[in-house]
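As structure tokens, the structure follows; a few thoughts come after it.
The sequence lines fix the lettering, A, B, ..., with proteins before strands; numbering per chain opens at 1.
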Amino acid sequence: MKSKKTKRNPVFAAILATVILLTLTRPLVAQNAKAFDITSRFKLWLLNNEARAMSSLKADGLLVERVNSPFALMPFNSSPAAMAEERLWAMHYKFYVLLDEIQEIYAFAKTYGSGRFGILFKQHRPEIWGVMPLQAALPGLVSITAVEYRKAFHAALLKALSLDASRDVDLSARLQKAVKKLSDEEFRLLDDYLNTFSALFPGDPTATMISTFIESGSKKQFAAALKDFLYPVFTAPVFTDINISEAPVEPDDPLAELEKLTGGMAENATNEQTGAATDSDEDDDDNTQAGETQTTPTSLEPPPPGTEDLFKIWD
Amino acid sequence: MKKGHLVVLGLFLALFACDLNAVELKYRFRPGSVYEYEHSVKRSSRMAAYKSTSSQTPVSSTQKFSLRAIDFQNGSYIVDVVSSSGTYRRYIKENGALAGAPGETGQAIPFLLTFPAVDWKVSERHQVQQTLMSGDNALPATWNMLLKSYDAEKQIAEILFTLAVKLPEDRIRRKDFTLKGKALFNCEQGILQQAEWASSYRFVLSNREMAVARELWLFDHQETGSLKLLASRE
């Protein structure tokens, strides 16, 4: 028995250590991994080449400086240098900024551009769950402030997702704006780099993806469904319209929504469609969010077979 | 006169004539003397990345400094180099090598041009081989010198010099470095009268993957330096 125990212990310890290591390393790996990454490899390639060049220039510069004082009787202090490469580094810095911008735009479009994420939130109304404890204590207050809760929740959600409604409502325009920060010469140079990267690494499609994304994304609008997610319609009456003592049951009552949600997923889509129609009618009166529901997908459809769904809510 | 005497006389004259052409290049700073020099440097650079090019406006600087000769001990002249950046003590050997620089401890000492301890003759080439350290790499370097002309009246020797050194390269880094110059050495006083030199550094970084090679960047740095004796006084 003893011998069996002693044999098992190292195996058990090794398994335990592996599990612990895997648990610890996973967050580290996740930190480096970006969703829908198309720019990192190209950026690293350029950064590495820069580092090589900078290293050689510095080492050789020190050597050249030593050789350029050939007489022992002269001062050895160095003179101010003229370094044309500084302009190159400045241009590259602009490329890095643009690449980061492209990466963010691409990731946003990929993640939220289909509209599914927005619909999911619309259906499940997590902001209602957030105010549930208040509903029990102060039901009237919640009715009045429901819209404000929703707005605050939505604003916090966008912030948490690093989205900015005014900036991201038109990703194509955002991309155009970012590209325009480069001069013609700088853009040509970036294009040359992308072509070089593709030629050197024919199996790596990222450089081609970047150039294609810049070319097509700047010309036509994409990820239009993001608009609805960024500017949702808040339908409850505003505070000034409400008489607190005679406050009617709010049409968009949080608990009613919650009941709907808990009532069944199947009915929800239909309710949501009706709700959306009502929303748009009320919104016309309000005139604050006019025209924002035009591109709204009305229901969340299961993804076609074979495509990966982000949320897998049908499983 | 006998034939033998004529031959001896001829040989003597031939030897004497050779001696007239031979020059000895040695620093001989006179202790107690002050030598004033002007040192000018001009640097320019250029960069190319595909069709993008950039040139930096040449940067020039001129400074005056003086050399105070203090003593001659153990084969080295003890001098102070006094410039706007401070006073630095140097121990300079007769051939131009540096025996010590106590005020510049820890600083990389330049790769100095040293004269071979021989009699120089016009159009005769001389080589001095040294090792140039670049980090951990020891790079063999050679100073090539040539006495181009000698003004016997003024006792001024005109020397041409070049440096041959191969900078570290690999499959993606290609480099060229040249340095050429001219110096006028006052053999009577044993001091450098004037010197001019120009260096050119060219570095091409390329990328190679399998059979594909692409040149990325070209860096070209030029530098000219000059040294001129303005005055010497005791």
Side-chain angles (χ1 to χ4, degrees), chain A residues 45-46 48-92 95 183-204, chain B residues 37 39 41 43-47 49-52 54-59 61 63 65 67 79 81 83 85 88 90 92 96-98 104 107-113 132 134-135 163 165 167 172-173 175 177 179 181 192 195 197 199 201 203 205 207 209 212 214 216-217 219 221 223 225 227:
Chain A
W45 171 77
L46 193 56
N48 282 341
N49 278 308
E50 260 189 346
R52 284 179 188 138
M54 284 175 173
S55 162
S56 284
L57 284 170
K58 183 62 188 172
D60 296 341
L62 289 171
L63 254 168
V64 169
E65 200 174 320
R66 285 178 62 202
V67 172
N68 270 313
S69 300
F71 300 102
L73 55 90
M74 58 190 287
F76 295 156
N77 51 328
S78 56
S79 309
M83 292 188 286
E85 57 267 22
E86 293 295 328
R87 184 165 170 261
L88 187 68
W89 309 147
M91 284 198 279
H92 288 179
F95 296 166
S183 67
D184 289 347
E185 186 200 354
E186 287 163 348
F187 190 78
R188 267 199 306 273
L189 182 60
L190 176 65
D191 201 41
D192 285 333
Y193 285 160
L194 290 168
N195 290 335
T196 301
F197 185 88
S198 296
L200 289 168
F201 310 102
D204 191 330
Chain B
Y37 281 95
H39 176 216
V41 178
R43 286 176 167 180
S44 62
S45 69
R46 191 172 67 87
M47 173 281 300
Y50 299 94
K51 288 168 197 161
S52 297
S54 165
S55 298
Q56 188 73 29
T57 324
V59 180
S61 69
Q63 65 166 330
F65 68 94
L67 200 71
V79 298
V81 179
S83 70
S85 59
Y88 298 99
R90 304 258 172 89
I92 301 173
L98 199 65
E104 288 149 305
Q107 192 178 323
I109 297 298
F111 192 65
L112 301 167
L113 180 72
L132 186 58
S134 167
L163 176 70
V165 61
L167 296 177
I172 61 164
R173 296 177 179 92
K175 297 170 190 172
F177 177 76
L179 186 142
L192 191 71
W197 61 95
S199 73
Y201 165 74
F203 167 37
L205 182 81
N207 267 204
E209 290 295 332
V212 186
R214 290 280 191 283
L216 284 182
W217 306 314
F219 305 98
H221 292 190
E223 178 168 339
L227 205 58

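Remark: B:R46 CZ is loosely packed, at most 12 non-hydrogen atoms of other residues, nucleotides or ligands lying under 6.0 Å away.
Contacts of B:Y88 with chain A are absent, with no heavy-atom separation under 4.5 Å from either backbone or side chain. When heavy atoms are compared at a cutoff of 4.5 Å, A:L57 approaches chain B by way of both its backbone and its side chain. Only the side chain of B:L163 comes within contact range of chain A, with at least one heavy atom under 4.5 Å from a heavy atom of that chain. Using a 4.5 Å cut-off between heavy atoms, B:S54 contacts chain A through both its backbone and its side chain.
Here B:N207 is the residue among B:L227, B:N207, B:V59 with the most heavy-atom pairs under 4.5 Å with chain A. Contacts with chain A were tallied for B:F203, B:Y37, B:F177, B:W197; B:W197 has the most, counting heavy-atom pairs under 4.5 Å. Per-residue heavy-atom pair counts under 4.5 Å with chain B were compared for A:F76, A:F201, A:W45, and the maximum is reached by A:F76. By number of non-hydrogen pairs under 4.5 angstrom with chain A, the leading residue of B:A97, B:S52, B:S85, B:S61 is B:S52.
The pair B:K51-A:E185 does not meet the salt-bridge criterion, since no charged nitrogen lies less than 4.0 angstrom from a carboxylate oxygen.
Residue A:E85 comes nearest to B:F219 through the heavy atom pair CB-CE2, 3.4 Å, listed as atom of the first residue, atom of the second, then distance. Here the closest heavy-atom approach between residue A:N49 and residue B:L205 is recorded as O-CD2, 3.6 Å. Of all non-hydrogen atoms in B:G96 and A:A72, the two that sit nearest each other are O-CB, 3.5 Å. Closest approach of A:L73 and B:V81 over heavy atoms only: O-CG2, 3.8 Å.
When the side-chain hydrogen bond (donor to acceptor under 3.5 Å, both in side chains) test is applied to B:S44, no partner is found at least two apart in sequence or on another chain. Applying the side-chain hydrogen bond (donor to acceptor under 3.5 Å, both in side chains) criterion to B:R173, with sequence neighbours excluded, gives A:S56, B:D170.
Contacts of residues 187-195 of chain A with chain B at a heavy-atom distance below 4.5 Å involve A:L189, A:D192, A:Y193, listed in sequence order. Within residues 63-71 of chain A, the residues having any heavy atom less than 4.5 Å from a heavy atom of chain B are, in residue-number order, A:L63, A:V64, A:E65, A:R66, A:V67, A:N68, A:S69, A:P70, A:F71.
With rounding to the nearest 0.5 angstrom, the OG1 atom of A:T196 is 12.0 Å from the CD atom of B:E209. In this structure, CE on B:M47 lies 13.0 Å from CE on A:M83, to the nearest 0.5 angstrom. We find the CG-CG distance between B:L216 and A:L200 to be 7.5 Å, quoted to the nearest 0.5 Å. With values rounded to the nearest 0.5 angstrom, B:S83 atom OG is found 5.0 Å from B:Q63 atom CD.
No donor-acceptor pair under 3.5 Å is formed between the side chain of A:R87 and the backbone N or O of B:S55.
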